[in-house]
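Shown next, in structure tokens, is the structure this report addresses.
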Amino acid sequence: MSDPFELSDDPPFEPLAPRPAAPAAPTAPPVWVEKLNPEQRQAVETTEGPVLVLSGAGTGKTRVLTTRVGWILLQRRARPWQVLAVTFTNRAAREMRERVMQLIGPSAEAVWLGTFHALSVRILRRNAELVGLKSNFTILDSDDQIRLLKQIMEAESIDSKKWPAQGLMGVIQRWKDRGLTPDKVGGEGGSDYANGRAVAMYKAYQERLKTLNAADFGDLLLHCLTLFQTRPDILEEYQEQFHYVLVDEYQDTNVAQYLWLRLLTQKHRNLCCVGDDDQSIYSWRGAEVGNILRFEKDFPDAKVIRLERNYRSTPTILAAASHLIAHNEGRLGKTLRTGLDGIEQGAPIKVRGVWDGAEEARWLVGEIEALQRAGHPLDQIAILVRAGFQMLEFEERLITTGVPYRVVGGPRFYERLEIRDAVAYLRLIQQPEDDLAFERIINKPKRGLGETTIQKVHILARAQGVSMMEASMRMSETDELRPQARTALAGFARDMERWRSLRETVPPAEIAAQVLEESGYIEMWQKDKSPEAPGRLDNLKEFVSGLDEWENLGGFLDHVSLVMENDANAGEAGVTLMTLHSAKGLEFDTVFMPGWEEDIFPNRRALDESGEKALEEERRLAYVGITRARRRAFISFAANRRVYNQWQSSIPSRFVDELPKENIEQDADQGLYGSRGGGWSGFGESAAARSGAGISRRLGSDYGEFGKTGAWETQERVGANEFRIGDRVFHQKFGYGIVEGIDDSKLDIAFEKAGRKKVLDSFVEPSK
DNA sequence: CGTATATATCTTTTT
DNA sequence: GATATATACG
């Protein structure tokens with residue numbers, strides 16, 4: 001805000017204006033440095049040399065980073081554009097920029113601050129030619145990537161059933177995450193994909209990208225590395241420029257990012273990385289926690305600073321989180337303790353078991369309404385789910401109850417069909433070589449250019465080595481095509497040419513409006529009778545008006561592919577609904593974590609893929625979730641859930657058992673998990689201790705609909721599990737089945753109708 | 001060439 | 001249950 005050191009609006013290259021202290025003398029620390037605790041302050045003031053800050057959840061990591069930038073600038077150790085600060089998400093970058101500006105004023109604008117990807121684009125646009133691209137190259141989104149790879153695999157006649165393009169894309173991305181260009185891939189993981197042709201595919205894909213003048217997400221980093229490695233002179237310029245480099249969420253960096261950092265910091269060696277191994281939740285995307293360990297190896301003189309004082313949560317929440325994460329092995333080991341003087345112990349974490357998903361949503365939103373009545377602001381409440389599909393249930397409930405909410409990271413504005421079409425038009429204007437954009441819109445609206453015509457254009461383009469746009473123009477001169485198709489194609493090419501010529505004189509927003517109108521795209525939706533058509537038209541309007549702030553098309557298109565914000569309902573205050581992954585770095589007074597069930601959380605597929613390693617990562621995710629809460633946390637699980645169209649029975653997540661008993665308050669619907677006797681079977685005990693402590697119950701005769709509670713007759717049972725392999729049993733939802741396996745109170749049952757499922761023994765009864 | 005109907009696969013997390 | 005691709009038909 002108003003700060004004595006605030007600078008004028010002068011451009012970045014203006015040296016810092018002389019302020020209270022004389023230029024040469026070290027500046028006295030301002031209040032915002034003095035307010036820090038000793039460790040934080042050390043992390044801020046150790047500006048020279050490599051520094052590794054191990055920063056637990058809620059220990060003021062962002063504060064340290066922003067203050068450090070402010071301190072460096074205030075001391076005039078570097079000018080704003082000589083500071084490079086890398087974050088992992090756009091949100092973090094934005095927040096950091098705002099906070100630095102509060103400290104030192106508008107000159108913070110010139111700091112190189114952004115995500116790895118955004119910063120790489122900035123470097124690449126300047127040097128595109130050196131890596132075989134033109135500076136107006138397109139950034140492909142994941143949809144384009146898959147489509148392109150599919151085309152290539154089809155051309156190589158690879159069985160798309162056996163080897164889905166998605167899978168190969170994953171392999172390629174992992175290679176890129178490790179900084180491997182096609183020529184550098186050895187026998188590494190996945191090279192046997194598609195009968196060992198994966199590397200060849202990768203190579204073809206990269207070549208195709210180059211002719212399209214396009215780059216995918218991984219390329220942004222990869223091309224930078226290539227640039228730095230092939231052009232030492234360019235590398236040196238950047239090394240020289242960046243006196244100080246800071247990295248947020250360091251535990252989430254992959255190998256390519258690590259190399260990127262190491263190359264850039266070799267000269268000044270003032271690298272400060274902030275991270276927390278317990279919050280590493282992106283290994284599936286190539287992140288290497290090992291980067292933290294390697295840091296001390298590569299920089300033996302690195303100063304390691306631990307931040308362990310938590311300023312966010314109640315002792316109860318801290319204890320629960322610490323207890324849970326202690327189940328992981330191979331941690332660097334930090335002990336979080338409260339840094340808040342005189343804080344109360346705080347309410348226990350409420351853990352609740354319910355009958356099914358609908359009930360869970362009803363209960364959860366009911367709790368939110370109660371909090372609201374008690375005067376808690378809704379924007380201090382969050383619902384954190386493991387995966388996107390879990391959000392629907394809560395959204396519906398929030399809508400019917402009228403509780404305002406917003407979804408973070410849900411379906412994004414720019415991912416909508418009509419917006420992607422509109423973007424494709426603009427992309428083709430900006431970059432005629434963008435064949436993917438061409439194919440997307442060539443027949444939208446219908447111009448009588450179908451499959452066969454497009455194929456012909458495609459073939460000619462490949463044969464002559466030109467873009468499809470260029471090929472279309474050539475074909476409208478010849479008589480290869482039916483006259484109908486030929487005139488349509490010529491017309492489209494002419495329109496495109498005209499729109500392109502507008503770029504010099506007309507602002508982007510106007511071009512977009514004109515293009516969408518003249519192409520007949522708007523008309524297409526106006527004529528459409530489907531219920532979603534009006535909404536799409538609204539979106540298109542919003543799209544055009546959103547373009548207003550942009551002066552050039554290129555900048556806007558970068559924004560679309562890199563930032564992809566969902567600002568649809570960003571402004572409104574309400575409950576926040578998001579995934580655990582996107583919750584990292586945020587905090588709320590109250591946090592709800594539904595769906596703590598085996599197979600959902602921890603996620604089955606993750607476990608299948610990477611076993612124990614994945615389990616630990618899932619546990620870290622749980623840790624991240626709990627530590628988002630300042631004062632209150634709620635955890636819930638349902639006994640039954642509808643997956644696709646089928647009912648599935650589920651058992652509580654093992655993470656529930658891993659919470660410390662003394663910090664939770666257990667609660668379940670009547671009849672569920674034996675709550676009549678207070679607490680459900682074996683809860684809070686280890687799996688071993690629980691063995692044989694199952695509860696059997698019999699169904700009430702008048703049992704009608706599912707979801708009704710209280711219709712159960714419960715009956716505590718003593719002694720060993722009464723079921724044996726081979727027993728015939730009955731389950732209310734799945735019918736009759738045979739027990740095939742027993743693990744504690746969990747039964748593996750082959751049902752006659754519903755197939756094989758894992759079920760808690762308390763949900764089945766013996767049948768003769 | 002366009003439209004209508006059937007089908008398979010999807011749901012892990014994101015720049 | 002929804003969406004994308006495949007197939008058939010007009």
Rounded distance (Å) that lies between atom [atom2] of [N] and atom [atom1] of [X]:
X: A:I139; N: B:dT14; atom1: CD1; atom2: P; value: 20 Å
X: A:N603; N: B:dT14; atom1: CG; atom2: P; value: 12 Å
X: A:E249; N: B:dT14; atom1: CD; atom2: P; value: 14 Å
X: A:M169; N: B:dT14; atom1: CE; atom2: C1'; value: 14 Å
X: A:F217; N: B:dT14; atom1: CZ; atom2: C1'; value: 9 Å
X: A:E618; N: B:dT11; atom1: CD; atom2: P; value: 16 Å
X: A:D558; N: B:dT15; atom1: CG; atom2: P; value: 16 Å
X: A:D248; N: B:dT15; atom1: CG; atom2: P; value: 14 Å

Has A:Y282 got its ring stacked on the base of B:dT14, with centres under 5.5 Å and planes less than 30° apart? no
Here's a test for you: under side chain to side chain donor-acceptor pair (under 3.5 Å), which of A:K176, A:Q206, A:Q173 qualifies with A:D216? A:K176
Of all the choices, B:dT13, B:dT15, B:dT11, which nucleotide is nearest to the side chain of A:T579 once you look at every atom? B:dT13
Nearest to the side chain of A:H581 - C:dT5, B:dT14, B:dT11? B:dT14
Would you mind classifying the nucleic acid contact of A:K176 as base, sugar-phosphate or nothing, using non-hydrogen atoms under 4.0 angstrom? nothing
A:W284 and A:Y282 aromatic ring geometry - parallel, tilted or perpendicular at 30°/60° bounds: tilted
Taking side-chain contact (heavy atoms from CB on, under 4.5 Å) as the test, write out the residues that go with A:V457, two or more places apart. A:F438, A:M468, A:A471, A:S472, A:M475, A:L489
Check this one for me: any side-chain N or O of A:K584 less than 4.0 Å away from OP1 or OP2 of B:dT13? no
Tell me whether the side-chain N/O atoms of A:S582 come closer than 4.0 Å to OP1 or OP2 in B:dT14. yes
Taking 4.0 angstrom as the limit, do A:E360 and A:R641 come out as a salt bridge? yes
To check you understand the geometry: which heavy-atom pair defines the closest contact between A:L220 and A:A215, and what is its length? CD2-CB, 4.2 Å
Please name the pair of heavy atoms, one in A:P602 and one in A:R654, separated by the smallest distance, quoted to 0.1 Å. CG-NE, 3.8 Å
Protein-to-nucleotide contact annotation, 5' to 3' order, nucleotides 1-9 of chain B [B base; S sugar-phosphate only; - none; under 4.0 Å, heavy atom]: SSS------
Does the structure place the NZ or CZ of A:R628 under 6.0 Å from the centre of the six-membered ring of A:Y623, at an angle of no more than 45° from the ring's axis? no
Report the C-alpha distance between A:R331 and A:D277 in whole Å, list the side-chain angles of each, state the deciding distance to 0.1 Å, and finish with yes or no for salt bridge (charged side-chain N to carboxylate O under 4.0 Å, His left out). CA-CA 7 Å; A:R331 302 170 56 216; A:D277 55 315; 5.3 Å; no
I want to check something: taking the side chain as every heavy atom from C-beta on, are A:F588 and A:L586 in contact at a cut-off of under 4.5 Å? yes
So for A:R386 and B:dT13, does any side-chain atom that can act as donor or acceptor lie under 3.5 Å from a complementary atom in the base? yes
What do you reckon, is CZ of A:R147 surrounded by more than 12 foreign heavy atoms closer than 6.0 Å? yes
Every stem of 3 or more Watson-Crick or G-U pairs under 3.5 Å that DNA chain B joins, in order of first number, is B:1-10 with C:1-10
For A:F88 and A:A606, find the nucleotide of DNA chain B closest to each by heavy atoms; which residue's nucleotide sits nearer the 5' end? A:A606
